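This report refers to the structure that appears directly beneath it.
Everything quoted here is computed from the prediction, not taken from an experiment. Residue numbering restarts at 1 for every chain, and letters A, B, ... go by the order of the sequence lines.
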Amino acid sequence: MAKVLVVTSGKGGVGKTTSTAAMGAALAQAGKKVVVIDFDVGLRNLDLVMGAERRVVFDLINVVQGIAKLPQALIRDKRLDNLSLLPASQTKDKDALTEEGVGRVINELRQSFDWVLCDSPAGIERGAMLAMRFADTAVIVTNPEVSSVRDSDRIIGMLDSKTVKAEKGERVEKHILLTRYDAARAARGDMLGIDDVLEILATPLLGIIPESQDVLRASNVGSPVTLNNPVCTPARAYTDATRRLLGETVPMIVPSERKGLMSLLRGRRAA
Amino acid sequence: MDIVNPEPTRQPIRFRGRSYVAFVFSPAAPIVGWLELLDTTLARSPGFFVGKPVVLDLSALDLSPSAISHLVRSIEAREIRILGIEGVDAERLSPQLPPLVTGGRTLQVQQVQPVEPKKPPPKPPQTSLLLDSPVRSGQSIVFPDGDVTVLGSVSSGAEIVAGGSIHVYGTLRGRAMAGVNGNSAARIYCQRIEAELLAIDGYYQTADELDASLRSRPVQAWLDRETMRVTPLN
């Protein structure tokens, strides 16, 4: 049974695209057949993060409108051949997407893949609605700050009412992925705590991804962080989150500040 | 030329019984008066009996054969055809008259009651609304008929509008508006207050106006004439 997973958040810049790429690659590394779809029509990014921007010929809109066939538009990853990308169009806008067309594309992808990951655009408009419309599972990417948490809450409400599953009376499985978690700021109390976030959202936690230069570095070279440097902390956090998604029980590691010599010295001076 | 008359193949004749429904006239003495009554009926709905089978029941009368023929002619003059006569001896009927019929049964006219669709027993109007999941940002719960109870939290950016009181067994972070139909006795209860706005019967208080010492505590809000009071619950 293929699973359709939407990566969504409401708010922009929280790490949806990075997380889609990282989890897509991690699922592929676990041996699953994976396709990642960019729903951010007009502002596509997933192709860049996946390092496939030079190979885009057809896109999601072309397939939805019937101009291209699905196999023509799918781009196979060079590093993992069970990972594919369906890019968004940069020139069209989101109104070119139709519910019927998206449904058809997703159904077709369900036939040949184990996981269909939909990278939602920010906001709650048409693109975001259609990205979540056919989802079985949702990963809500949240930063530990009030604006992001409130937007996530809004999105959870929509997942419970506007998806095909919700309309049939079933439930979309929902998970919180806490990203850009800064242990130092958390220690200073500058950020919402993990408990606060979970208490507000009342949804199970899938993983905590620390704020890290490794994520930026991976994006810049066009590689999902889980492929670029599989042993770095964020890559491990993403891999753990993916294993939880597959039903494994993996202990949750809360990133903590590494106490270097400098901070120890600084701490002593302050005392 | 010989005309060959082919012998037709003889089919046995079949008889079948069949019953029909007919009107029955039962004239009563005096005949003249009865005929006048018939005339007034016909004046109201002329042609009502045209083409309808009619049987004459003479059991209530003792008429001579000539009187019977006169009566039948009088009725036929009113364009009503007599199908048969019942309730007299056969010998009183001349061959020109309609035949004698017997064995008639009165038709029970059943008053057809329009079948009323069975209505489900009327539900008592709902006076409270129970929500067992958190109310998310952007959701608006409007229940003007009574109390609203929320078992989870009410998120920032969500709102509850109730005709009666509002009970929140989680954290109230959004807006709560109770007693919207002018019910000044409505109250707002919550396990933990972080509300953006509290309102009862049009009187409201924003988060800024809320006493800082009450924050994150279980409280109730109620209306003291025209002032909203927020007091801790423990």
Would you say that more than 12 heavy atoms from the other residues, nucleotides or ligands in this model lie under 6.0 Å from the [atom1] of [X], or not?
| X | atom1 | answer |
| --- | --- | --- |
| Phe25(B) | CZ | yes |
| Arg171(A) | CZ | no |
| Arg44(A) | CZ | yes |
| Ile253(A) | CD1 | no |
| Arg78(B) | CZ | yes |

* **Validation row: Glu199(A), Ser153(B) side chains within 4.5 angstrom (heavy atoms)** =>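 Yes, close enough: below the 4.5 Å cut-off.
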* Quick one: do the Ser137(B) and Arg150(A) side chains pair a donor with an acceptor below 3.5 Å? -> no
* Asked: Heavy-atom distance under 4.5 Å to chain A: side chain of Ser156(B), backbone, both or neither?
  ->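 Its backbone and side chain both get close to chain A.
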* Examine distances only and state if a side-chain atom of Arg136(B) and a backbone atom of Leu201(A) form a donor-acceptor pair shorter than 3.5 Å. =>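 Pair found, side chain donor or acceptor close to backbone of Leu201(A).
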* Least distance between heavy atoms, Val135(B) atom then Asp153(A) atom ->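 Scanning both residues completely, I find the closest heavy atoms to be O-OD2, 4.3 Å.
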